[in-house]
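Working notes, beginning with the structure itself.
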Amino acid sequence: MTTVPFQLRARIERWPIAGRFTISRGSKTEAVVVVAEMSRNGVTGRGECMPYPRYGETPEAAADTIHSVGQWATLTREELRERVPPGAARNAIDCALWDLEAKEAKRRIWELADLPPPGPVTTAYTISLGTPDDMAQAASAAAHRPLLKVKLGGDGDDARIAAVRRAAPAPTLIVDANEAWSEANLPRNLDACAAAGVVLVEQPLPAGQDEALAHIIRPIPVCADESAHATASLAALVGRYDAVNIKLDKTGGLTEALAMRREADRFGLRIMVGCMVATSLAMAPALLVAQGAFIVDLDGPLLLAKDRTPALRYEGSILHPPEAALWG
């Protein structure tokens, strides 16, 4: 653990998205990430986060938090969890600390974490929200991929998912409504997804308004995303959700994500591991949590116009573990 003087820096980076990424809350054409760099005795560890406006985060505020932690006399993962709330800034620091410790020990992250060596995983590929015709066109172009994640957004979603399925008959489909459905249209939209062979629906109702999920027969598994943050949020999901989406930017880093996965297993919740649109540096730690998960959604770099170097290796939708030069 880092218990002697260290240097901690933050840098805001902008990465163009290939085209436009659209969900129910809006569109964007670039990913604005924050990179934390933690150094000691000539060795540097890195972590990347994506501050998310949905949770009141900004890149500038995340960078300020990282700089403030840099003023601490000591830093351990336990101190970080106690003193910084879950979120993007803590994620970048936590992952940089793991990376630094691995480099200092000249060992891989999974050895330090007492985990089996990770293997390749199959990631979902995201189809952005649009008109049925536009989404069908995007799905047709990605129909060779085994797993597609379809962004939906409310009115007309039954037509959208039907159009995607016609254009891409072979892939497994999951759906992400990003809180855009209502209690009134929930049964109709779930039935439309079931008819299209969808195997999982993420966050259909707004967080805090998801009580209705406990009182209906769910024809397909429903996964908590915005309703789930760190480990303490899991107990409230039981009975409402069948699965939980673990994202390091929500949990506040790899340390909490691993703890959250263990607790989700105890509650009988299926595991999805997701991401924000970001570079390979943000995906690499999540790959450890994704081992054996029900659904893996770590396609952030595939949605960018370019990735950082070195990068994770994607072979189609197969994502391989990181090389030490990238992270861990």
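We use all heavy atoms of the structure for the numbers below, so side chains are in, but hydrogens, waters and symmetry mates are not.
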Notebook entry, point to check: So, is the end of the Arg83 side chain (NZ or CZ) under 6.0 Å from the ring centre of Trp72 and within 45° of the ring's axis?
Noted result: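 Yes, a cation-pi geometry holds between Arg83 and Trp72.
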
Notebook entry, point to check: Does the ring of Phe6 carry Arg40 above it, NZ/CZ under 6.0 angstrom from centre and within 45° of its axis?
Noted result: no

Grouping I, L, V, M, F, W and Y whenever their side-chain heavy atoms are under 4.5 Å apart, do [X] and [Y] come out in a common cluster?
X	Y	answer
Leu312	Val296	yes
Leu254	Met283	yes
Leu287	Leu147	no
Trp98	Val84	no

Out of curiosity, [X] [atom1] to [Y] [atom2], how far, rounded to the nearest 0.5 Å?
X	Y	atom1	atom2	value
Lys149	Asp297	NZ	CG	4.0 Å
Ile127	Asp134	CD1	CG	11.5 Å
Asp155	Asn185	CG	CG	7.0 Å

Strictly by modelled atom types, are [X] and [Y] linked by a side-chain donor-acceptor pair under 3.5 Å?
X	Y	result
Asp157	Trp181	yes
Arg20	Ser27	no
Gln203	Asn178	no
Thr255	Asp94	yes
Asn91	Asp249	yes
Ser280	Trp327	no

Next item on the list: Quick one: do Arg9 and Ser39 satisfy side-chain hydrogen bond (donor to acceptor under 3.5 Å, both in side chains)? Show the steps, please.
Entry: CA-CA 9 Å; Arg9 299 172 295 277; Ser39 301; 2.9 Å; yes

Next item on the list: Apply the side chain to side chain contact (heavy atoms under 4.5 Å, CB included) test between Met38 and each candidate in Leu75, Ile66, Thr44; give the one that qualifies.
Entry: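 Going through Leu75, Ile66, Thr44 one by one, the side chain to side chain contact (heavy atoms under 4.5 Å, CB included) with Met38 is satisfied by Leu75 alone.
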
Does the side chain of [Y] come within less than 4.5 Å of [X]'s, by heavy atoms?
X	Y	value
Glu13	Val35	yes
Arg270	Cys223	no
Thr126	Leu303	yes
Glu202	Val175	no

Next item on the list: Could you give me the CA-CA distance, side-chain angles and deciding distance for Asn189 and Leu152, then say whether side chain to side chain contact (heavy atoms under 4.5 Å, CB included) is met?
Entry: CA-CA 10 Å; Asn189 285 333; Leu152 296 182; over 6 Å; no

Item checked: N-O pairing of Arg54 and Glu179 below 4.0 Å ->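 Salt bridge flag = yes for Glu179 with Arg54.
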
Check: Are the side chain of Asn245 and the backbone of Ala224 linked by a donor-acceptor contact shorter than 3.5 Å?
Finding: no

Next item on the list: Start with the C-alpha distance between Arg77 and Glu101, add both sets of side-chain angles, then the distance that settles side chain to side chain contact (heavy atoms under 4.5 Å, CB included), and finish with yes or no.
Entry: CA-CA 11 Å; Arg77 290 192 292 275; Glu101 290 171 350; 2.3 Å; yes

Check: Would the number of heavy atoms belonging to other residues, nucleotides or ligands and lying under 6.0 Å from NZ of Lys306 be above 12?
Finding: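 Atom NZ in Lys306 is not packed in, count stays at 12 or less.
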
Item checked: CD/Glu323: more than 12 non-hydrogen atoms of other groups inside 6.0 Å -> no

Check: When Thr231 is tested against each of Glu263, Glu256, Arg261 for side chain to side chain donor-acceptor pair (under 3.5 Å), which residue passes?
Finding: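 Going through Glu263, Glu256, Arg261 one by one, the side chain to side chain donor-acceptor pair (under 3.5 Å) with Thr231 is satisfied by Glu256 alone.
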
Notebook entry, point to check: Which is it for Tyr52 and Met276 under the side chain to side chain contact (heavy atoms under 4.5 Å, CB included) test, yes or no, and what are the steps along the way?
Noted result: CA-CA 8 Å; Tyr52 199 35; Met276 309 300 186; 3.8 Å; yes

